[in-house]
Amino acid sequence: MDQEQIQINEAVEWFFFSGGPGAPRYGDDPTKHAVDHDSEAFVREVLQNANDQGLPNGDPVEVTFRFVTLTGDEKEEFLDGLGWDDRLGERMRAVADTHNGHRYERVVERVNDPDAELRLLVVEDRNTTGLTGSWDEDSNYAALVRDELYSSKQDDTAGGSYGLGKSVLWTFSGASTVVFNSHLTHSVREDDSPRLIARSKFPTHQLPEDDTTYQGAGWLCQPIETDDGPRPESFWGEHASRLAEQLHVERPAVSGTSAMVVEFQDPTRDERPEVEDLAQEFVDASVKYFWPAIYRGDLEITVETPDETLTADVESVPAIRPFVEAYDERTTDAQTLVDPGDVAGLDIPVKLPPRADGTETPDGSVRLSARLASPADNDAYLNNVALFRGAGMVVKYYDQSRVAYGDRNFFGVLAAGEARPEGTPSKSDREIDRFLRFAEPPEHDEWESTENLREQYQRGFRMALDDMFGTLRDGLRHLISKGSNGDSLSDNVLNRFPIHGSGNPRSTTSPADPAFEIDSSSRFNGDAWTISGRIKVLSEEFDGWSADISLTGIGEDGSRYDDIPIDYVEIEQSGVTVSYDDGCAHLVADEHVNEVSFSGRSHSDEAADLVHGDVGATQLEILAELQTPEEDQA
């Protein structure tokens with residue numbers, strides 16, 4: 001270590017705010033308990049944060065996960081730069097003695113064990129904004145290194161909006177410490193890049209022979225005096241570069257940020273996995289959740305270990321390939337799935353409520369596409385629909401296994417908002433993107449009614465979501481059923497997919513005019529469900545029609561259970577045949593039958609407890625299709 005480096009290290013100081021007598025105490029970081037904390041969640045959150053900070057220049061955001069293991073002299077030099085002996089080690093031992101600090105004991109033991117390796121993880125992003133702004137202003141620098149549960153992301157299409165995702169950096173640090181090295185793309189101090197600072201999040205603690213109570217948050221910095229008292233100041237320029245090199249968090253002089261997690265640990269595991277295993281998990285998780293952004297060329301991801309470099313591309317995870325094909329061909333005019341590998345799609349209408357300030361929102365649509373599965377496909381996500389919007393992150397794999405039947409398995413994609421069109425998004429696309437962003441909870445793994453939606457939109461946001469998902473399910477049945485009834489039905493048909501509960505029918509939105517009027521009901525009679533209903537054709541001209549009747553258990557909390565097999569369906573009218581397949585009844589009527597009344601019964605040996613168990617009601621679903629004269633002419 002040269003004299004200049006020694007002087008740099010001597011200027012480094014850990015700064016903690018003191019709470020003073022009677023100040024609130026913090027037992028731990030509350031954000032640790034707000035989201036899942038397995039490695040998959042870590043990858044998802046940090047990639048989302050990097051993706052949101054991409055520059056609008058058409059170039060992809062590049063993210064590298066780099067595992068670094070230190071032993072011997074390298075480890076000692078790193079700890080020297082981190083200020084371990086400059087009271088950080090002493091502070092961590094003090095924290096280990098607090099009520100919630102026992103886990104720090106293992107970190108202290110590992111650091112002090114000359115034979116134990118120290119594991120670092122550097123998350124380096126490029127072509128992103130970098131940590132611009134100052135401590136005293138609303139900036140992404142302050143949001144990351146100063147604030148809690150605060151997001152500076154103002155873009156309506158950004159993936160995050162809670163400021164919670166960044167918390168995983170500290171959650172996965174055994175030392176609750178993260179070092180940031182950033183090259184700024186714009187700022188009054190852009191030319192002074194890089195910029196370096198580290199932040200720790202400890203419980204409230206006291207040091208030996210020191211009566212001061214420290215709040216827990218601390219910074220490796222150069223403290224400065226201001227009119228409002230002392231505060232942390234980051235390192236800049238050559239000073240930052242030399243310290244970054246010592247801490248193994250150096251980066252090229254391109255805009256972006258490197259975040260280094262000190263002593264990377266997965267808090268959900270008892271054992272310490274091998275770095276090579278973690279690297280493959282990172283690749284799999286990256287592709288699983290960000291394949292839309294990767295496929296579009298908006299995001300490039302690599303994972304580096306001391307021995308190899310892995311690339312996360314859509315070809316590296318076979319289970320994702322069918323979804324990529326469904327998305328690539330989403331604009332197809334086909335609405336028929338005949339052979340394995342076929343892709344068909346349709347628009348799902350979305351009607352949004354006005355914004356909270358009264359601004360009207362345009363009606364729009366999202367695009368549903370499905371690919372018929374083949375035996376050669378990896379079936380890890382079979383019969384799921386990947387939901388995502390413009391940010392290019394899959395919010396959820398929406399299990400729709402109950403829609404599949406026989407050999408009609410599928411992979412579905414719902415491309416919403418700015419992810420829907422191939423070209424420039426419309427005004428309605430941008431509004432839907434914004435709406436769905438606020439429909440995501442802190443984990444960003446659902447589109448549901450949230451407090452954010454309540455604040456941003458007038459009444460009707462919940463119905464808008466329910467209608468979208470209801471029509472999605474109806475549309476998926478439409479796509480899947482096509483081709484399976486090819487002996488009696490074809491492409492040129494009118495369709496309506498009414499879904500009925502045990503009470504009054506509810507209406508569903510459909511892109512086509514209604515072709516049927518359907519009523520139905522179900523009632524539990526002691527050992528099985530009795531069902532009844534009426535199906536009436538509204539069209540004046542038709543050459544026949546068919547309908548599938550199925551029954552699903554509904555829990556007291558509204559959740560859906562497995563299908564309840566139908567034992568039989570009785571129909572008195574002539575000209576109608578009934579067959580059964582996998583617990584569903586299939587009706588086929590000729591051109592002389594314009595109305596059918598039916599009654600029936602479920603099997604009584606259904607596994608779910610229909611009386612005292614979870615299932616409290618049923619939902620009778622009827623899928624009906626009409627064969628028109630034009631179809632025969634075609």
Side-chain angles (χ1 to χ4, degrees), residues 48 51-52 54-58 60-61 153-161 289-299 323-324 326-333 335 343-370 385-396 398 412-440 444 446-448 450 452-453 456-458 460-472 475-476 479 509-511:
Q48 177 184 262
N51 204 32
D52 286 349
L55 299 177
N57 55 15
V61 170
K153 301 169 186 174
Q154 301 302 319
D155 184 353
D156 282 346
T157 63
S161 58
Y289 288 109
F290 286 89
W291 63 261
I294 296 171
Y295 175 72
R296 294 185 317 210
D298 297 334
L299 185 61
F323 293 102
V324 177
Y327 179 60
D328 183 48
E329 301 178 41
R330 67 189 182 283
T331 58
T332 177
D333 293 330
Q335 293 192 3
V343 175
L346 51 79
D347 290 330
I348 303 297
V350 176
K351 182 176 177 59
L352 301 180
R355 291 191 183 188
D357 62 3
T359 303
E360 291 295 331
T361 56
D363 293 345
S365 64
V366 295
R367 184 69 179 179
L368 171 67
S369 58
V385 180
L387 311 178
F388 58 92
R389 54 185 181 86
M393 183 188 79
V394 174
V395 171
K396 178 181 182 178
Y398 188 37
V413 162
L414 187 72
E418 298 196 13
R420 181 192 68 86
E422 288 189 317
T424 304
S426 65
K427 183 178 180 181
S428 63
D429 289 328
R430 289 192 289 271
E431 189 65 38
I432 290 173
D433 213 294
R434 181 182 189 273
F435 177 83
L436 293 177
R437 177 195 179 206
F438 288 116
E440 293 172 8
H444 302 284
E446 285 281 359
W447 287 337
E448 61 184 15
T450 66
N452 269 347
L453 276 183
Q456 295 289 334
Y457 289 90
Q458 296 183 7
F461 52 84
R462 183 168 184 170
M463 180 178 294
L465 285 170
D466 289 346
D467 284 348
M468 183 183 76
F469 279 111
T471 311
L472 182 157
L476 196 56
L479 296 178
T509 306
S510 173

List the atom of Ala391, the atom of Ala293, and the distance in Å for their closest heavy-atom pair.
O-CB, 4.3 Å
Nearest-0.5 Å distance, OH of residue Tyr398 to CG of residue Leu472:
6.5 Å
Roughly how far apart are Ser369 OG and Leu479 CG, rounded to 0.5 Å?
8.5 Å
Any side-chain heavy atom of Phe290 sitting closer than 4.5 Å to one from Val394?
no
side-chain contact (heavy atoms from CB on, under 4.5 Å), paired with Arg434, selected from Arg389, Glu418, Gln456:
Gln456
If the threshold is 4.0 Å, N to carboxylate O, is there a salt bridge linking Glu431 and Arg355?
yes
Which atoms form the tightest heavy-atom contact between Val413 and Ala326, and what is the distance?
CG2-CB, 3.9 Å
Would you confirm whether the ring centroid of Tyr327 sits within less than 6.0 angstrom of the ring centroid of Phe388?
yes
Which residue in the set Val395, Leu465, Val350 passes side-chain contact (heavy atoms from CB on, under 4.5 Å) when paired with Leu436?
Leu465
Phe435/Trp447 aromatic ring centres below 6.0 Å:
no
Check whether the side chains of Thr359 and Asp357 place a donor and an acceptor atom closer than 3.5 Å, and report yes or no.
yes
Can you tell me how far the CD1 atom of Ile348 sits from the CZ atom of Arg367, to the nearest 0.5 Å?
9.0 Å
Which heavy-atom pair separates Asp433 from Ala416 by the least distance, and what is that distance?
OD2-O, 4.1 Å
Do Met468 and Pro349 make a side-chain contact, defined as non-hydrogen atoms from C-beta onward lying under 4.5 Å apart?
no
Side chains of Phe438 and Phe461, heavy atoms from C-beta outward: is any pair under 4.5 Å?
no
Rounded to the nearest 0.5 Å, how far apart are NZ of Lys351 and CG of Asp363?
4.0 Å
Just so I know, are the side chains of Asp347 and Val366 near enough to count as touching, which here means a heavy-atom distance under 4.5 Å?
no
Min side-chain heavy-atom separation Arg420-Arg330 under 4.5 Å:
no
Interatomic spacing from CD1 in Ile432 to CZ in Arg430 - rounded to 0.5 Å:
11.5 Å
Closest approach of Leu476 to Ala370 (non-hydrogen atoms, all atoms of both residues):
CD1-CB, 4.2 Å
Minimal heavy-atom distance between Thr361 and Pro353, with the atoms involved, is OG1-O, 2.9 Å
Say you draw a straight line from CD of Glu440 to CG of Leu453; how long is it, rounded to the nearest 0.5 Å?
10.0 Å
Output yes when a side-chain donor or acceptor of Asp466 lies under 3.5 Å from a complementary backbone atom of Met463, and no otherwise.
no
Minimal heavy-atom distance between Arg296 and Asp298, with the atoms involved, is NE-OD2, 2.9 Å
Quick check: does any side chain N or O of Gln458 sit under 3.5 Å from a backbone N or O of Pro354, one acting as donor and the other as acceptor?
no
